[in-house]
Amino acid sequence: MQTPTYLAAGLRLPTNWLDYTILGIYFAVVLGIGLAARRSVKTSLDFFLSGRSLPAWVTGLAFVAANLGATEILGMAANSAQYGVYTVHWYWIGAIPAMVFLGLVMMPFYYGSKVRSVPEFLLLRFDKSAHLLSSVLFAFAAILIAGVNLYSLAIVVEALLGWPQWVAIVVAGLFVLAYITVGGLSSAIYNEVLQFFVILAALIPLTILGLKKVGGWDGLSDSLTKGHGSDFVSAWGGTGIGSENPLGANWLTIVLGLGFVLSFGYWTTNFAEVQRALSAKNLSAAKRTPLIAAFPKIFIVFLVMIPGLVAAVLVPKIGTSGSGLQYNDAIPYLMQELLPNGVLGIAVTGLLAAFMAGMAANVSSFNTVFTTDIWQKYVKKDEPDAYYLKFGRLVTVVGVLASMGTAFLASSFSNIMSYLQTLFSFFNVPMFVVFIVGMFWRRASVKSGFWGLLAGTVTAMVNYFVFYKQGIISIPSDQGANFVSAIAGFVAGAVVMVAVSLFTRPKPTEELNGLVYGTRSPGMTEAPAKGDDAWYRRPALLGWGAVVLAALCYVPFSF
């Protein structure tokens, strides 16, 4: 295990009444949105999926905001301070292609089949054993990831504002609990739209002032090149097979491990994200949800990467015992050094908003999966809809309390991004391989889903905890180990699925309509309304535009 993740004790911010006023106004608005959303919650579908009634621009912004949690703010800034410009890979190759694939290829299957969750799709395509295992694994992962966001919030609040960790955990947890329990997914989504703009208002001034402090981009890149070498400011420098670089990975593991397996596993099967698209008002809006989100995602990397790079210049030995600062301290350190009161209040509010958005996304997905995929399917069947609505609110309480309990598990990782990527390699990648094989291969049998999911999960864990942690194989960094674990889990799951399918009976062809690529269900044949064919409503155009734009962004960082 690594050194616990505590922010430096000297990072106390000089907050005053103006900063606390801004913070108080934000919390009041958050609760107000939750109370306003309560009026629209009359059924369990309203609570868990907003009645499938939201427009694409709302679900699109919520989609990207749900990802703007601990991973994005502290994690990616820490990544940049530790690994440099390699951070762009998590966005341009590690997010955009998968988001486009979700919108253009997978959303028609999710939305057209009328499932309420990602595991429910596995029930239709495979059998109850695959469905139950995926539901349990996802519910467990959701609580762990919600705990990451809550713990990150607590250590930031303790260091910046002086609140004890347990107070920050309880206060933030109760706020998230209040607005989700009252307003359901609609409350979470509309708050995520608000949080998206609050987060931008926090990060943009920090990025601009940070660049000014180090002499602009030229001054930043020159300082980093002198202190860390030219590869630190290059996306692909030093990534040849056999070459050494700060990330501890080569171009092959970056492309396959991050760009394909981890990325597609997260963005296409993580219900905390997919749930936002499933709440859209129609299939067209559902398809456009991740595509709309892809465009801000392309540029958000600059708002989290540049502060991390600036911190690496201002504190040359950050992350070592000689500096007194860990990589996770990059954003709080710049807030302390650069922001005046008022702007400081917005920045603190933005950080809290980011953590609550990440936690709310995972808690709302947890209550949906636990209620609809576990409780309703296997414990209490055929109860009135009002029962499941009431139970969903109760499970939300349980989810928040459990998140408080798992929050401190993140303390064993000095870079919380490494911890999250580890969780994704364990839980999202095996689910992705089951989806991708089942969706594109009709011969995949009903039994192969369970065994493929189990084999992928176990293999990824064995590779990380046994081969890597015990030193049986040499991998330079946790991130590199995560890439290898993801590839191993994907390959093992695919091989086992093929082997099991060859010896067990496939699902009848007539039961595969709308579940396998090349087949269609009535919900997938939606035609656009007359006069509703503007370019920004064309999913294919949006998707390819995002991919091309992301590819072009690599050019200035590749030479």
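Worth saying up front: this structure is predicted, and the values here are computed from it rather than measured.
Side-chain rings of Phe63 and Trp267 approach one another, their centers coming within less than 6.0 Å. For an aromatic pair to be called close, the ring centres must be under 6.0 Å apart, and Tyr554 with Trp236 satisfies this.
Interatomic distance, CG of Asn282 versus NZ of Lys287, reported as 10.5 Å (0.5 Å rounding). Considering CG of Asn67 and CD1 of Ile300, their distance stands at 8.0 Å, rounded to 0.5 Å. Here the straight-line distance linking atom CG of Asp231 with atom OG1 of Thr239 works out to 8.5 Å at 0.5 Å rounding.
Looking at Ser279 and Thr59, their side chains never bring a donor and an acceptor atom within 3.5 Å of each other. A donor-acceptor contact under 3.5 angstrom links the side chains of Thr396 and Asn367, judged on distance only. No hydrogens or angles considered: a donor-acceptor pair under 3.5 Å links the side chains of Gln195 and Tyr26.
By the 30° and 60° cut-offs, the orientation of the rings of Phe140 relative to Phe427 is perpendicular.
Residue Ser263 comes nearest to Ala98 through the heavy atom pair OG-CB, 3.2 Å, listed as atom of the first residue, atom of the second, then distance. When all heavy atoms of Lys42 and Leu389 are compared, the pair lying nearest together is O-CD2, 4.0 Å. In terms of heavy atoms, Val363 sits closest to Ala146 at CG2-CB, 4.2 Å. For the pair Ala280 and Ala286, the tightest heavy-atom approach, listed with the atom from each and the gap, is CB-N, 3.5 Å. Of all the heavy atoms in Pro205 and Leu200, the pair that sits closest is CD-O, 4.2 Å. Contact detail for Pro97 and Ile93: the closest heavy-atom pair is CD-O, 3.8 Å.
Using modelled atom types, no side-chain atom of Tyr327 and backbone atom of Ser80 make a donor-acceptor pair closer than 3.5 Å. With hydrogens and angles ignored, the 3.5 Å screen pairs a side-chain donor or acceptor of Thr406 with a backbone N or O of Ser403. For Ser221 (side chain) and Asp218 (main-chain N/O), a donor-acceptor pair under 3.5 Å exists by modelled atom type. With hydrogens and angles ignored, the 3.5 Å screen pairs a side-chain donor or acceptor of Trp92 with a backbone N or O of Ile298. Ser364 places a side-chain N or O within 3.5 Å of a backbone atom of Ala361 that can act as its donor or acceptor partner. Of the possible polar contacts, none joining the Asp222 side chain to the Gly219 backbone as a donor-acceptor pair under 3.5 Å is found. When atom types are taken as modelled, the side chain of Ser117 and the backbone of Val369 share no donor-acceptor pair closer than 3.5 angstrom. Judged by distance alone, the side chain of His89 and the main-chain N or O of Gly259 form no donor-acceptor pair under 3.5 Å.
In this structure, Tyr333 and Leu314 have side chains that are in contact, with non-hydrogen atoms separated by less than 4.5 Å. Side-chain atoms of Thr207 and Ile204, non-hydrogen and from C-beta on, never get closer than 4.5 Å to each other. Side-chain contact between Leu74 and Pro332: present, with at least one pair of heavy atoms (C-beta onward) separated by less than 4.5 Å. Taking 4.5 Å as the limit, some side-chain heavy atom of Leu203 sits within range of a side-chain heavy atom of Ile73. A heavy-atom distance below 4.5 Å is found between the side chains of Val100 and Leu291. At least one side-chain heavy atom of Tyr91 sits less than 4.5 Å from a side-chain heavy atom of Met76. Contact check for Cys553 versus Val88: no side-chain heavy atoms found under the 4.5 Å cut-off. Contact of the Asn428 side chain with the Leu262 side chain is not registered, since no non-hydrogen atoms from C-beta on lie closer than 4.5 Å.
Partners of Trp217 by ring-ring contact (aromatic ring centres under 6.0 Å, His included), not counting sequence neighbours, listed by chain and number: Phe557. For Tyr190, the ring-ring contact (aromatic ring centres under 6.0 Å, His included) criterion is met by no residue, not counting sequence neighbours.
A salt bridge links Arg276 and Glu192; the closest N-O separation between the charged side-chain nitrogens and carboxylate oxygens is under 4.0 Å.
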